[in-house]
Every structure is written in C-alpha cells, then in structure tokens.
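All remarks here apply to the structure that follows.
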Amino acid sequence: MGDECHTTQLIDRDGVFNVEGLEKFVKAVRLADFGLSYAVVSIMGPQSSGKSTLLNHLFGTNFPEMDAFKGRDQITKGIWIAKGVGIEPFTIVMDTEGTDARERGEDNNAFEKQSSLFALAISDIVLINMWCHDIGREHAANRPLLKTVFQVMMHLFSPRKTKLLFVIRDKTKTPLKLLQPVLMDDIQKIWDTVYKPQAHRQTALSEFFNVEVTALPSYEEKEEQFKKEVEQLRLRFFHSIAPGGLAGDRRGVIPASGFSFSAQQIWKSIRENKDLDLPAHRVMVAIIRCEEIANEKLDRLTFDKGWLELEAAVQSGPASGFGRKLGSIIDAYLAEYDMETMYFDEGVRTTKRQQLESRILHLVHPAFRSMLGHLRSKALNKFRSDLEQSMKSGKGFAALVRDCSQSSLLEFDEGFADVAIKHVNWDASKVREKLHRDIQAHAVSVRDAKLSELRDSYQKQVTEALAEPIESLFDAPGQNTWPLIRKLYKRETENALSRFANSLSGFELDQATCDKMMAELKDHAKSLVEKKAREEAGKVLIHMKDRFSSIFSRDKNSMPRVWTGKEDTRTITKEARAAALKVLSVLAAIRLDDKQDKIESILNSTLMDDSDYRKSLEAAADPLASSTWEEVPRNNTLITPVQCRSIWKRFKNETEYTIIQAITAQETGGVKMKTRVK
C-alpha cells in the first residue's frame, strides 16, 4: 500500500512550502479528476501520541512512525500529506507535527498556531489525538491544543463547518458514554474562555464544528484489539462527504483542480499573519484556476489540428461547412472548460467562460472575415457570370440586373448561414452592403459599356444612312439640294431615334439621361450633315468649275460642245457662271432649319452684273465686304461673303482660259466657213 500513497512533505519544519512536491503529488494521484469528490483529513495531537501510527492503520499510508526502543523523539517534522489507499471518495491524509515538541523550544507556539490554522482551513475532518488520562484534567496535554484550535478558527473570518473527531487513545475500562460528557464539557469550557471577535461573541461551537468522540485501546499493549477497532473506524471514512457522512455538511469546498493553488495561498497568508477570508479565498482560487484553465484551453485551441487545417483552408479559398466545423471545435473546448471548472464559484466560472469565449472568438474572427470575403467574391463572380450569360436572352438590362443581383445576394445569404457560428451573432451586413455596392458598380460599368456600344452602333447606322447620300447630293449642288438634305436628315434621324429609344427602354434610365442620349444621337446626325457640308464647302471651287464646265463645254444633250462660230458665247458663259454661282450660294451656308436667306440674291446682284454692282457701290456699302451673312447664324456659315468674292474672282480667273479657247475655236471655225463659201 505504501507505494500507492505517494507520501510527500508539504511544509518543512522551517515553514517552507514544497510547491514542486505538491505539484508532483497532484499529478501522480490525478487529483484534478475528482472535482468535488474528495476529502481532506488531518490529525493534531501531542508529540509521540501515535498520530502517524493511527493514520497509517486508518488509511494505508506510510508516514514515519516512532520506534519505542529509540525513545520519544520528534518523528513528524512540519506537515506531510499522502493519498488514502482503498478509500472512497479520494482522501488526502495530512500528518502534522506534534503540538508540544520539545525540539522547537520557544518557536513551538508560533508554528503550532500556523499549522493548526492551515489544517483547519483545508481539512474537512480533523482528528484530535488525545490521551484518555487527560480527560477532565485542568492541565491536560490537549487543553493548549484545543485552545489553539479554537483561537485560530477565529482567523478564518467566517465559520467553516469542520468535523472534529476526538480520538481517545489508550482507553481504560471506563465506558465511552461516561467519558464523552466529561470531554464535551471540557471542550465547551475551552470554547467559552477563548477570545472571540464581536461578530462571533454569541456564536455556538456547533456553528464552527461538528464534534464526535471515539476511543481506541493501546497500540503497544493491545495491538490486535487496536487494529480491529481501527478497521471499524476506517469504515466511517468511506463515503465521508455523502449526506450523513463524517463530512456530509461541509461548506465552501475548493474543487480538486484548485487544491494546490489554494493550499499555497492559504499557507502564504498564514505565514504573513493575515486573516483568512475563506469565502473571498474561494473566489480568488476560482478566479485563478478558471483563468488558468481558460488559458490552457485557448492555448490548445490555438494549435488544434482541426482549427489549423480549417484556418489554412480559409486562406486558400472558401471552406465548406466552416461554421459547423468551427462551432464544433469551439464547443469542444468550452465543454472541457465547463467540465474542469464546474465545481468553482458559479459567478467566477461564468465570467471567465465569457472571457474565454470572447478570446476564442477574437482568435477565429480573422478567419470568419476571410470567409465573408470569399463569399462576397464568389457572389460577385456569380453576378458577373450570370449577367454576361443572361444578356444573350434579349431581356431588358435593368430587369436582368435585378434578377442576377437578387440571385447573388441570396447565394451570399445562404453561404453566410453556413459560415455563421451559434456562439456569437456576428453581423455580415457591412460585407453584404459592400457586395451590393460592388454588384451595382459592376452593373453600372457593364451598362455604361453597353450604352456606349449602343450609342456607337446607332451613330454608325446614322452615319451610314446619311454620309453617302449627302455626299451624292453635294456632288451636284442645286436648288433642291438643301430641301432634299433636310428631308433625308429628318427621315433617317427620326427613324434612328425611334429605334434608339426602344433599345434604351430596357435599361430603365431616368428621363434626363435618356433625353441626353437621344439628344447626343440627334446632335451626331446634325454634326454629320454639318461636317459633310463643310467638307464640300472646302471643295467649292472644284464644284463650281465642274458645274461651269458641264454647262459651258456640253450642250443640252450633255454632248461635248463643238464651237462652230454660230454659238452665243456670251450667253453660254453667263449661264455657266450663273450655275457655278448657284453652287457657291448652296455651299455658302448650312440650311437644316429651312429658313430663307438672301445669299443667292446677294451673290447674283453683286457678282453677275459687274457694271450694276459698281454703280451700287457708289450708293451703298458693299454687301460682300463682311464676314457674316444677314439672317444666317455664324455657326451655320460655311463661306463668308468676303470669301465668296475671293472664290468668285479665282473662279473667273481659272475659267477665263476655257472661255478664250471657245472664242478662239469659234473664230477659227468662222474663217474656215468663209473659205468654203468663197
């Protein structure tokens, strides 16, 4: 049995607490596994009164015992602990130094009080070992001990229900029932004489202690009888903490996992001569142990294989079942915490659990945020893909955006349900709002691109519908050129605008935007006409010369004219110049608004009849000496009046040779005709 009890010196004779030894003891006996299901039994009594012998026979321990043949020297020095063997519940047995050891001399009283207070503070059952012959004696060896026990009990700040089991050693023939009243009377007298704080002046002994008395025969003289009765007494320690047991009504038990720390702190307070506030001490132990347990759980979770794998998976992409897996991991560690702290103060363990849960959530929150990021990216990519595919359906763009947006947000919500954990109501609204903004931004980007494509397409259609016909009309400018251009412009523009408006309806644009785009297409058509007009106006001299040549050099049947001498060169020249001047008047201004102007009449009056023109200059200002036309806006002016004069002058100079050639041809033809007549 000795090998099973793990006997350890807890406090040496100098009062030094063996922290390392206690930790080894706690681990060796797996004390932390017992929760509240353990008891602490200690013994007090005079030196060489057989305390260690009694404990060894009661609990199967192996504390050193006195050898009667070597004298009554001090055997137990300080305080020792061991595991009770074969006892249920788990029992810690504590052997203390004798209370009247001569080896300590003057230091005995101080250590006696300290060790007594320590034993009372941590023990559920205290055995008071006393001699039978001391009962009823005024100067009995046990009286100072009892006085010390009662005095130090006052230092525990509040009553701690402790079982005091008086073990009368070397009993005589006097029956126990006769000895017990005498002993109880002695105990009560000692209690009554002990100084008590004001708060406990009227407190009965029974508030602090449950007192029982038992007696044993002499070990030296009646060893077999002693062992037999000790075996009977041993049975009393089975189920000692159950209701009705020796320590059945104990109070404020420290959970087994906190025993080591609690014992250290109690001894420290005793050595520093501080009062022991046991309720506060239990709370303090609960705080320290619950925090230690919480730290241990957090440390283990930090390096948990399942958590590390899940965290790594999240770094590379979405992790399926994230919330379920993470919740299971967290539950496991919180369950371990609950199991290991279940016997500590409820308020403390609840507070520390909340703190542990908060720290765990802080640890895993970055992974949760990463998962939300993956969900947002996945939902956004889905929106992009769905929108691109659905645009082939021919459905309106705005309706497609609504459908695809709703589908993507629903996927995010469903994904979040898989990511969320039950331990906290983390809000994903900001990430969802960011997703919605990203969806809207992408939708706007695609819409703008599609609108740009649509605008370019219709502008191209308008260009194709107007460009060549306008060029064709300007090839032979005449009286109907601008009316035909206006008719063409109106027809094609209205047709394009109608189709464009229908195409825009699917985008559900606001009226202002729609009007703006319609206006841009209309402006494009107008700009195209104006551009073509300006291009042709830049080639006006060529057009004028072509028109002049087509009339002057060809007859009414468009056949090349043969100058025989009979033709009226002056009249033909005037007609050809008039036609060229008509070209100049047509190309002098843009006439899309169908407003009448006087450009043609001014050009005719000023350029066709030079003599009349010179006479008019004397009476009035020259109408061509200006950079604008009357009633024609500057932006519609293609060729200014002064430019018309210059162009006309160049035209006349460049066509003069053609006229001279015609006249020369006529003269040559006339001479030949006369020669034939002769």
Side-chain angles (χ1 to χ4, degrees), residues 294-295 297-338 350-391 395 397-448 508:
N295 290 338
K297 300 309 168 191
L298 182 63
D299 290 342
R300 283 184 53 212
L301 188 150
T302 303
F303 297 100
D304 181 87
K305 182 180 178 182
W307 158 243
L308 293 177
E309 290 176 351
L310 187 61
E311 185 181 35
V314 170
Q315 297 304 317
S316 58
S320 177
F322 175 85
R324 174 179 54 79
K325 293 176 182 177
L326 180 57
S328 178
I329 293 171
I330 294 174
D331 280 344
Y333 282 96
L334 290 178
E336 288 184 11
Y337 171 86
D338 291 339
T350 300
T351 299
K352 293 301 178 181
R353 188 187 198 277
Q354 292 171 348
Q355 293 174 1
L356 171 61
E357 190 170 6
S358 177
R359 293 166 68 191
I360 289 174
L361 294 175
H362 180 74
L363 172 69
V364 303
H365 191 255
F368 171 81
R369 297 292 301 178
S370 296
M371 276 299 298
L372 289 188
H374 293 318
L375 289 180
R376 185 186 65 81
S377 298
K378 183 180 179 182
L380 181 59
N381 290 335
K382 172 180 169 58
F383 173 79
R384 290 170 174 168
S385 176
D386 289 352
L387 184 61
E388 182 178 357
Q389 294 298 321
S390 60
M391 281 192 294
K395 193 174 181 179
F397 182 81
L400 291 177
V401 169
R402 282 195 295 272
D403 292 346
C404 295
S405 176
Q406 184 178 4
S407 176
S408 295
L409 289 172
L410 179 61
E411 177 165 301
F412 177 85
D413 293 339
E414 291 174 349
F416 177 70
D418 182 60
V419 169
I421 56 176
K422 64 183 178 181
H423 306 84
V424 64
N425 185 26
W426 274 330
D427 185 13
S429 60
K430 291 185 178 180
V431 179
R432 194 180 192 276
E433 290 170 4
K434 176 68 166 58
L435 170 62
H436 189 260
R437 291 196 301 272
D438 291 342
I439 286 175
Q440 293 302 311
H442 181 71
V444 169
S445 175
V446 174
R447 183 199 66 184
D448 291 346
E508 299 180 11

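Scanning all heavy atoms of the two residues, the minimum distance from Val314 to Ser370 falls at CG1-CB, 3.4 Å. Shortest non-hydrogen contact noted between Thr302 and Trp307 is O-CD1, 3.7 Å.
Shown here are the side chain to side chain contact (heavy atoms under 4.5 Å, CB included) partners of Thr350, two or more places apart in sequence or in another chain: Glu346, Gln354. For Phe416, there are no ring pair (Phe, Tyr, Trp, His ring centres under 6.0 Å) partners at least two apart in sequence or on another chain. Applying the salt bridge (Lys or Arg N to Asp or Glu O under 4.0 Å) criterion to Asp338, with sequence neighbours excluded, gives Arg353. Legend: residues meeting side chain to side chain donor-acceptor pair (under 3.5 Å) with Gln355, ordered by chain and number and at least two apart, are Lys352. Contacts of Asp299 classified as side chain to side chain donor-acceptor pair (under 3.5 Å), with partners at least two apart in sequence or in another chain: none. Residues that satisfy the ring pair (Phe, Tyr, Trp, His ring centres under 6.0 Å) test with Phe397, not counting sequence neighbours, are Phe507.
A distance of 10.0 Å separates CG of Leu375 from CG of Asp413, quoted to the nearest 0.5 Å. Here Arg432 contributes atom CZ and Ile439 contributes atom CD1; the two are 8.5 Å apart, rounded to the nearest 0.5 Å.
Residue pairs meeting the salt bridge (charged side-chain N to carboxylate O under 4.0 Å, His left out) criterion with at least one partner in residues 308-320, sequence neighbours excluded, are absent. The side chain to side chain donor-acceptor pair (under 3.5 Å) analysis of residues 436-448, with sequence neighbours excluded, yields the pairs Arg376-Asp438, Lys434-Asp438. Applying the ring pair (Phe, Tyr, Trp, His ring centres under 6.0 Å) test to every pair with at least one member in residues 352-374, sequence neighbours left out, gives these pairs: His365-Phe368, His365-Trp426, Phe368-Trp426. Sorted pairs that involve residues 358-371 and meet salt bridge (charged side-chain N to carboxylate O under 4.0 Å, His left out), not counting sequence neighbours, are lacking altogether.
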Donor-acceptor pairs are to be reported for all side-chain atoms of residues 316-335 against protein atoms at under 3.5 Å, with residues two or more places apart or in another chain.
| unit_1 | atom_1 | unit_2 | atom_2 | d |
| --- | --- | --- | --- | --- |
| Ser316 | OG | Ala313 | O | 3.0 |
| Lys325 | NZ | Ser320 | O | 3.2 |
| Asp331 | OD1 | His423 | NE2 | 2.5 |
| Asp331 | OD2 | Lys422 | NZ | 2.8 |
| Tyr333 | OH | Asp304 | OD1 | 2.7 |

Under 3.5 Å donor-acceptor pairs involving side-chain atoms of residues 398-410, not counting sequence neighbours:
| unit_1 | atom_1 | unit_2 | atom_2 | d |
| --- | --- | --- | --- | --- |
| Arg402 | NH1 | Glu508 | OE1 | 2.9 |
| Arg402 | NH2 | Glu508 | OE2 | 3.1 |
| Asp403 | OD2 | Lys395 | NZ | 2.7 |
| Ser407 | OG | Lys382 | NZ | 3.4 |
| Ser408 | OG | Ala379 | O | 3.2 |
| Ser408 | OG | Phe383 | N | 3.2 |
| Ser408 | OG | Cys404 | O | 3.0 |

Should Glu357 and Leu361 be marked as a side-chain contact (heavy atoms from CB on, under 4.5 Å) after you check the CA-CA gap, both sets of side-chain angles, and the distance that decides it? CA-CA 6 Å; Glu357 190 170 6; Leu361 294 175; 4.2 Å; yes
